[in-house]
Number of protein chains: 2
Amino acid sequence: MHGSGRVKIVDVAAAAGVSVTTVSHVISGRRPVSAATRARVEDAVRRLGYQADPSARGLRTQRTDTVGLVVPDITNPFNTELAAGIQAVAYARGLLTVVCEAPMTDGPQLPAVLGQLTARRLDGIVLGRFGAQRADLDLIAGSGARLVRLGTRIADGPGDVVRGAETEGMRGLVRYLVGERGYRRIGFIGGEAGVEPGGERYEGYRQALAEAGRAVPEDLAVWTGFTREGGRAGAARLLDTAEPPDAVVCANDLIAIGALDVARERGLDVPGRLAVTGYDDIDAASMVSPALTTVVNPAREIGRSAARLLIDRLDGDEGPAREVVLTHQVVRRTSA
Amino acid sequence: MHGSGRVKIVDVAAAAGVSVTTVSHVISGRRPVSAATRARVEDAVRRLGYQADPSARGLRTQRTDTVGLVVPDITNPFNTELAAGIQAVAYARGLLTVVCEAPMTDGPQLPAVLGQLTARRLDGIVLGRFGAQRADLDLIAGSGARLVRLGTRIADGPGDVVRGAETEGMRGLVRYLVGERGYRRIGFIGGEAGVEPGGERYEGYRQALAEAGRAVPEDLAVWTGFTREGGRAGAARLLDTAEPPDAVVCANDLIAIGALDVARERGLDVPGRLAVTGYDDIDAASMVSPALTTVVNPAREIGRSAARLLIDRLDGDEGPAREVVLTHQVVRRTSA
DNA sequence: TCTGTCATGCAAAACGATTTGGATACGTGA
DNA sequence: TCACGTATCCAAATCGTTTTGCATGACAGA
């Protein structure tokens with residue numbers, strides 16, 4: 001009849017014929033315990049199904065063994081992969097992961113969500129791609145939680161950073177479009193203006209064009225939203241201009257999928273008449289047809305790296321802020 | 001310089017000139033406090049940025065204000081929607097949600113993950129669609145956590161249940177295929193045999209055929225896995241039979257997307273030469289072309305219902321086990 | 001034999017909240 | 001004046017761990 005969730009450390013101590021101190025020491029290994037005693041204790045733990053109460057432990061140790069991930073949209077597949085990556089390495093270390101959504105729509109939800117999280121005394125927080133205010137970052141840092149920011153620059157605030165080589169990735173993609181495929185008039189559809197990682201991706205597009213000696217067509221860059229709907233609107237705008245593009249480079253895959261929609265509606269052959277490219281390589285990118293040529297943004301690996309940074313900090317690493325940048329690779333499918 | 005995360009209830013009491021008891025009472029409202037005192041305390045809380053320590057509170061109250069969701073695959077969009085639904089209503093109640101993945105591959109991970117969760121003393125657990133053993137369910141129930149199971153029957157174990165009307169949904173879909181669209185030889189591609197909700201969906205398919213006076217073609221039902229790859233394999237098997245089907249009904253959308261792949265490879269017009277249907281209506285279902293005719297499985301609403309059930313229990317509802325079943329609606333797109 | 005070192009194990013003091021059983025003061029009715 | 005509610009507030013016990021400072025026994029070196 002064990003496992004009723006009610007067995008306490010004193011019960012284990014009684015069963016093993018030792019004091020609670022000794023039980024604690026064999027569990028934590030913080031002081032030596034003779035092999036014989038250790039065996040008796042471990043046996044009692046097993047028999048009784050003892051699991052330390054996390055509240056009591058946390059009260060004493062001031063740790064919750066919990067880390068959080070905050071993202072703007074929990075259903076976005078990129079964020080899901082991120083969460084999976086963090087979860088995997090955190091779980092292996094006995095850390096629980098909670099992922100929270102702080103929608104960017106209807107006002108700044110971020111401070112409220114962050115308030116909930118700091119109230120929970122999380123050991124660490126991974127902050128997904130936001131236009132986070134400096135005050136938000138300081139709130140986290142001030143709460144005692146270690147912080148890892150995603151997709152921004154190290155100088156922007158406290159904590160460590162992991163980000164992808166967005167600019168380089170996009171530059172490689174556009175270079176491929178003009179160099180190997182010979183597209184001539186290349187448009188750009190961005191997400192919300194000013195929201196990362198839109199800026200860096202646009203920068204990569206601009207650089208590649210400049211390197212190739214092409215003029216950067218200012219009239220062929222539009223900013224909408226990082227959604228399929230945004231892609232539809234953006235593509236429509238671009239195709240309705242006097243001199244429409246023969247290729248559109250999109251700031252993410254969802255936008256590209258929206259662009260594919262309008263191409264199909266208008267009977268435009270892709271990639272013959274119009275090339276379309278995405279960014280991120282979410283699952284859906286290879287499900288649509290034509291399959292998207294895009295850049296793989298290693299979301300899961302980003303999550304893993306972030307979790308590893310966090311764990312290093314929790315293990316006492318007090319070195320200077322670190323930044324890990326992951327390379328991005330273009331994957332050629334049929335849409336361009 | 002407040003908000004340093006170190007302010008305790010005694011600090012608030014001192015600042016307000018009252019005892020800690022009184023502070024606790026104005027916060028919890030468990031005993032009356034005069035308006036003047038209340039105001040002073042609330043002001044102090046605000047000024048100091050006091051947030052109660054969850055470990056200390058949890059130790060005393062034996063609650064963690066945390067609920068968990070366990071799913072086989074955290075990146076599956078259906079599960080993501082589920083999580084979003086739970087999260088939304090839990091968050092509004094001040095509950096934190098943790099979602100855990102217990103992969104069905106490489107052996108039974110479920111017991112291990114469940115062990116981690118019961119060690120955390122969660123207040124409630126929502127258990128996604130698994131082939132969960134009775135022992136697993138009893139483990140949860142025995143840990144003191146309230147349990148909501150998804151997609152199974154109420155009689156199968158402890159806790160409440162929320163499930164979709166899978167059988168009816170599939171019956172409606174197949175009825176549409178034979179009645180309105182006139183398909184004659186309809187195959188079925190299932191996921192892993194014996195894993196919910198495969199059985200119910202197959203049952204719906206069978207019933208619809210029987211109702212229409214059709215023979216149920218035993219040779220046209222194959223079981224693979226709930227993935228795109230599974231769909232590819234299943235469709236190939238079906239199309240290579242002596243008398244191939246003119247329509248394939250798939251147990252979920254990913255399978256259907258795989259089936260679409262092989263139709264495209266073989267140059268089969270969909271839906272002219274072969275109809276393909278899915279189930280769940282994940283985002284990708286409307287992104288592929290032809291867009292999938294499928295059945296919408298209201299994942300987010302399922303999540304909301306589950307969270308509401310949990311909260312009722314946490315609020316003291318000790319009534320008999322409850323079961324909420326949500327209707328499923330077929331959505332007609334172009335693939336059938 | 002005496003002293004000093006290890007190796008062990010224990011008792012008791014935190015950790016920061018909630019909650020119970022009184023205390024205090026103030027009216028009120030007899 | 002006395003007894004008795006009522007409205008407020010407080011002191012102290014409690015939740016289940018971890019961890020610090022000692023106590024004990026064994027053993028070695030002098």
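All figures in this text were calculated on a predicted structure; none of them were measured in a lab. Proteins get letters first, then strands, A, B, ... in listed order; numbering begins at 1 in each.
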Rounded to 10°, the helix from dT1(C)-dA30(D) to dA30(C)-dT1(D) deviates from straight, judged by its five-pair end axes, by 60°
Residues 18-27 of chain A vs side chain to side chain donor-acceptor pair (under 3.5 Å), sequence neighbours excluded, gives Ser19(A)-Thr22(A)
- prompt: Does any N or O in the side chain of Arg149(A) come within less than 3.5 Å of the main-chain N or O of Pro158(A), such that one atom is a donor and the other an acceptor?
  reply: yes
By salt bridge (charged side-chain N to carboxylate O under 4.0 Å, His left out), Arg308(A) pairs with (sequence neighbours left out) Glu301(A)
Side-chain donor-acceptor distances from residues 82-92 of chain A under 3.5 Å, at least two apart:
from: Gln87(A); atom 1: NE2; to: Val99(B); atom 2: O; distance (Å): 2.9

* To do: Tell me yes or no: between the side chains of Arg40(A) and Thr37(A), is some donor less than 3.5 Å from an acceptor?
  => no
Note: chain B reaches DNA chain D at heavy-atom distances under 4.0 Å over the stretch, first to last nt, 5' to 3', of dT8(D) to dG16(D)
Sequence neighbours excluded, the answer for salt bridge (charged side-chain N to carboxylate O under 4.0 Å, His left out) partners of Arg93(A) is Asp315(A)
### Query
Considering residues, nucleotides and ligands other than Glu323(B), do more than 12 of their heavy atoms fall under 6.0 Å from its CD?
yes
Residue set satisfying salt bridge (charged side-chain N to carboxylate O under 4.0 Å, His left out) with Glu101(B), at least two apart, ordered chain then number -> none
Protein-proximity profile, nucleotides 6-15 of chain C, B/S/- by nucleotide at the 4.0 Å heavy-atom cutoff, equals --SBBBBBBB
Mark yes or no: Arg129(A) above the aromatic ring of Phe226(A), with NZ or CZ under 6.0 Å from the six-membered ring centre and no more than 45 degrees from the axis. no
Here the salt bridge (Lys or Arg N to Asp or Glu O under 4.0 Å) pairs for residues 9-36 of chain A, sequence neighbours left out, are none
Residue pairs passing the salt bridge (Lys or Arg N to Asp or Glu O under 4.0 Å) test with at least one member in residues 77-92 of chain B, sequence neighbours excluded, are Glu81(B)-Arg300(B)
List every contact pair, protein side and nucleotides 23-28 of chain C side both N or O, where the distance is under 3.5 Å.
none

With sequence neighbours left out, the residues meeting salt bridge (charged side-chain N to carboxylate O under 4.0 Å, His left out) with Asp43(B) are Arg47(B)
